[in-house]
Amino acid sequence: MTVVDIRNIFSDRNIELVDVNDSCIYYAEEKNEEGHNNLFILEYNRATRRERLVTNYSLEDPTFVEHIFAFEKTIAVILENGTNSMWLIEIDKQSGTELSRRKVVCTGSFSECMALDSEHILIYMAPDEANAQMFKKYREVTGSECFCYLYNLKTNKKFFVKNSLIAKIGCNGIKPLDVHGEKYLILLDPFADESIKEHYYKEQRWINADIRDNIWLCNLSELENELENGCTEITKKCIASADIKALVRYIGTDNEKVYFRAKEFRTGIEKLCSYDAFTNSLDVEATLTDPEDNRTVYLIEEKPTKVFCVTRGSTKIYVRGILNSTANLSYDNSLGEFMTCIENRFVVTQRSIYSEESKNIFTYYYIYDSQLDKSESYECKCHVYGDTLVLY
């Protein structure tokens, strides 16, 4: 495990991590200087341990919220305040040069956005009173409460998304996947919450509709081309599906694999499965048994995917790796709640303490070395990137 401690760089600054890779860490800081709000984008070089200013902006509107996406050579910044317009800024990652700055106006009120790649951004707009009828018609056709646009940074064109699946699932339903350099998107299309679907299963004799969960896979560049051409249907492959008798739920990715849970309602058996997007193989990785009591839970780390069985004892917490982990260890429960385990040895935990004196909640992170039976605590934030733990 590699620990990158950049708290001495940040001191008490309010930092948002943007990108963590093997050579550098990029982060954003918004602060008020002499009555003016400023946004700074900075780089920390892991080899030299030095901080470098990439660029900075003066935020004339104090209500602006920034959404920042990092890519291999560029950084995209979206500034919005919940209205129908936003600023889209493209920055060269190395020089800090502004490559483009455009004001984009859409119908409705800004809801959410996500960058599909360095050139394309999905924008979702929530209904507003002035366009209520337009949103009603869109909802009748697509099932989506929000308008969806695809914006092309290179051509400065926005495209109204006519595909109902992309419009409906929103940013949380879209997950990226890189398979040996080929970019894909995982599209999550569950019927409803798990409890609701199980209720439908119990009442299925009264139901004729196709109650189904689907997980789709599509090629990113192909999807972008289809959306720009106004296609109502997109090219996609169903990699997991469950009718009213069962459910499937995405849990994460690991290189070219997509992981999901599959549960049959009749037996209660739940399995962890994987789909390999390179070989097209579908495998059962593990079977989950119902915990005997409420002291045991399964915890999932999304990317790279790991699954742990965590049991709280009277004095210790026991951790056992179920998927992509062979961890089998325990630690004193005074260290707090389990977060993850790195290299089957180092446990990362979190503990929050409320101070009656200051009326504040202080959060501590612990790194416990199960081989040396030693722990260290940090009052800060932390981020796990593979086998690297970033303290900030």
Side-chain angles (χ1 to χ4, degrees), residues 10 12-19 26-42 53-71 74-93 96-139 142 144-161 166-174 227 381 392:
F10 291 164
D12 293 326
R13 293 149 56 185
N14 185 19
I15 296 297
E16 176 190 351
L17 292 185
V18 174
D19 182 33
Y26 292 87
Y27 42 94
E29 177 187 12
E30 185 178 345
K31 60 183 178 180
N32 188 285
E33 294 180 327
E34 300 178 351
H36 300 284
N37 283 347
N38 294 285
L39 174 66
F40 297 86
I41 298 178
L42 306 109
L53 175 67
V54 178
T55 190
N56 68 287
Y57 288 94
S58 177
L59 303 178
E60 298 177 1
D61 187 338
T63 66
F64 270 146
V65 175
E66 62 268 10
H67 306 266
I68 306 175
F69 305 96
F71 305 97
T74 61
I75 295 173
V77 179
I78 299 174
L79 301 174
E80 53 83 14
N81 59 0
T83 63
N84 69 336
S85 65
M86 66 212 75
W87 288 99
L88 271 64
I89 304 169
E90 188 181 14
I91 303 161
D92 183 275
K93 211 173 186 180
T97 302
E98 188 174 285
L99 302 175
S100 65
R101 180 200 291 227
R102 299 183 177 99
K103 187 176 184 179
V104 179
V105 179
C106 300
T107 301
S109 303
F110 181 90
S111 175
E112 60 178 350
C113 65
M114 71 174 296
L116 299 180
D117 56 24
S118 60
E119 297 183 10
H120 297 85
I121 295 174
L122 277 180
I123 302 170
Y124 289 86
M125 304 294 291
D128 59 6
E129 189 174 342
N131 302 285
Q133 285 302 116
M134 291 179 60
F135 277 93
K136 180 181 179 182
K137 292 180 180 178
Y138 190 69
R139 184 170 60 251
T142 65
S144 171
E145 297 291 331
C146 295
F147 279 168
C148 181
Y149 294 89
L150 178 68
Y151 179 78
N152 189 316
L153 282 164
K154 297 301 181 184
T155 63
N156 187 28
K157 292 181 180 180
K158 67 176 187 287
F159 304 88
F160 196 60
V161 173
I166 299 297
K168 181 180 66 173
I169 62 178
C171 295
N172 288 335
I174 302 174
L227 295 183
K381 297 179 181 178
Y392 66 103

Engineer: Roughly how far, to the nearest 0.5 Å, is SG of Cys113 from CG of Leu88?
Structural biologist: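 If we round to the nearest 0.5 Å, Leu88:CG and Cys113:SG are 8.0 Å apart.
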Engineer: Taking C-beta and beyond as the side chain, do Asp19 and Ile75 meet within less than 4.5 Å on heavy atoms?
Structural biologist: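 No, side chains not in contact.
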Engineer: In Å and rounded to the nearest 0.5 Å, what is the CG to OH distance from Leu227 to Tyr149?
Structural biologist: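 The distance works out to 14.0 Å.
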Engineer: Within this structure, what is the CD1-CD1 distance for the pair Ile78 and Ile121, rounded to the nearest 0.5 Å?
Structural biologist: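 It comes to 4.0 Å.
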Engineer: Apply the side chain to side chain contact (heavy atoms under 4.5 Å, CB included) test between Asn14 and each candidate in Glu29, Lys381, Glu30, Lys31; give the one that qualifies.
Structural biologist: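 One option only clears the test, and that one is Lys381.
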Engineer: Can you tell me if Tyr151 and Asn156 form a side-chain donor-acceptor pair at under 3.5 Å?
Structural biologist: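 Yes, Asn156 and Tyr151 have a side-chain donor paired with an acceptor closer than 3.5 Å.
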Engineer: Which distance, rounded to the nearest 0.5 Å, do you find between the CZ of Phe64 and the CD of Glu80?
Structural biologist: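 The CZ atom of Phe64 sits 8.5 Å away from the CD atom of Glu80.
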Engineer: With a 4.5 Å heavy-atom cut-off, do Ile166 and Leu150 have their side chains touching?
Structural biologist: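 No. Closest side-chain heavy atoms not under 4.5 Å.
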Engineer: Could you check whether any side-chain heavy atom of Tyr57 comes within less than 4.5 Å of a side-chain heavy atom of Ile89, counting everything from C-beta outward?
Structural biologist: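 Yes - at least one pair of side-chain heavy atoms lies under 4.5 Å apart.
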Engineer: According to the interplanar angle, ranging from 0 to 90°, do the rings of Tyr138 and Phe160 count as parallel (below 30°), tilted (30 to 60°) or perpendicular (above 60°)?
Structural biologist: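 It falls in the tilted class, 30° to 60°.
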Engineer: On a heavy-atom basis, which atom in Asn38 and which in Ser58 lie closest, and how many Å separate them?
Structural biologist: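 Asn38 and Ser58 have their closest heavy atoms at OD1-CA, 3.5 Å.
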Engineer: Work out which heavy atom in Glu145 is nearest to a heavy atom in Pro127; give both atom names and the distance.
Structural biologist: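 That would be O-CG, 3.2 Å.
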Engineer: Please find the pair of heavy atoms, one from Ala28 and one from Leu39, that lie closest to each other, and give the distance.
Structural biologist: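 Minimum heavy-atom separation between Ala28 and Leu39: CB-CD1, 4.2 Å.
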Engineer: Measuring only between side-chain heavy atoms, which start at C-beta, is Ile123 closer than 4.5 Å to Met86?
Structural biologist: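 Side chain of Ile123 against side chain of Met86, heavy atoms only: contact under 4.5 Å found.
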Engineer: If you look at every heavy atom in Ala76 and Phe71, which pair is closest and at what distance?
Structural biologist: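 That would be CB-CE1, 4.3 Å.
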Engineer: I want to check something: taking the side chain as every heavy atom from C-beta on, are Cys106 and Asn84 in contact at a cut-off of under 4.5 Å?
Structural biologist: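 Not in contact.
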Engineer: Can any side-chain N or O of Lys158 pair as donor or acceptor with the backbone N or O of Val105 at less than 3.5 Å?
Structural biologist: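 Present.
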Engineer: Please tell me if the side chains of Leu153 and Thr74 come closer than 4.5 Å, counting only heavy atoms from C-beta onward.
Structural biologist: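 No, too far: nothing below the 4.5 Å cut-off.
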Engineer: Within a 6.0 Å radius of atom CG on Asn32, are there more than 12 heavy atoms belonging to other residues, nucleotides or ligands?
Structural biologist: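 Check passes, neighbour count above 12.
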Engineer: How long is the span from the CZ atom in Arg139 to the CZ atom in Phe147, to the nearest 0.5 Å?
Structural biologist: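 Nearest 0.5 Å value for the CZ-CZ distance: 10.0 Å.
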Engineer: Of all heavy-atom pairs between Met125 and Phe135, which one has the smallest distance, and what is that distance?
Structural biologist: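 Nearest heavy atoms, Met125 then Phe135: O-CE2, 3.3 Å.
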Engineer: Shortest non-hydrogen contact from Ala167 to Cys148?
Structural biologist: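 Smallest heavy-atom distance, with atoms named: CA-CB, 4.1 Å.
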Engineer: Roughly how far, to the nearest 0.5 Å, is the CG atom of Asn56 from the CZ atom of Phe40?
Structural biologist: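 Nearest 0.5 Å value for the CZ-CG distance: 5.0 Å.
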Engineer: Is it true that a side-chain atom of Asn131 and a backbone atom of Met134 form a donor plus acceptor pair closer than 3.5 Å?
Structural biologist: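 Side chain of Asn131 to backbone of Met134: no pair is present.
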Engineer: Just one of Glu66, Arg102, Arg101 clears the side chain to side chain contact (heavy atoms under 4.5 Å, CB included) bar with Trp87, so which one?
Structural biologist: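 It is Arg101, the one option of Glu66, Arg102, Arg101 that forms the side chain to side chain contact (heavy atoms under 4.5 Å, CB included) with Trp87.
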Engineer: Would a 4.5 Å heavy-atom cut-off, applied to side chains only, mark Val18 and Ile41 as touching?
Structural biologist: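 The answer is no; the side chains never approach within 4.5 Å.
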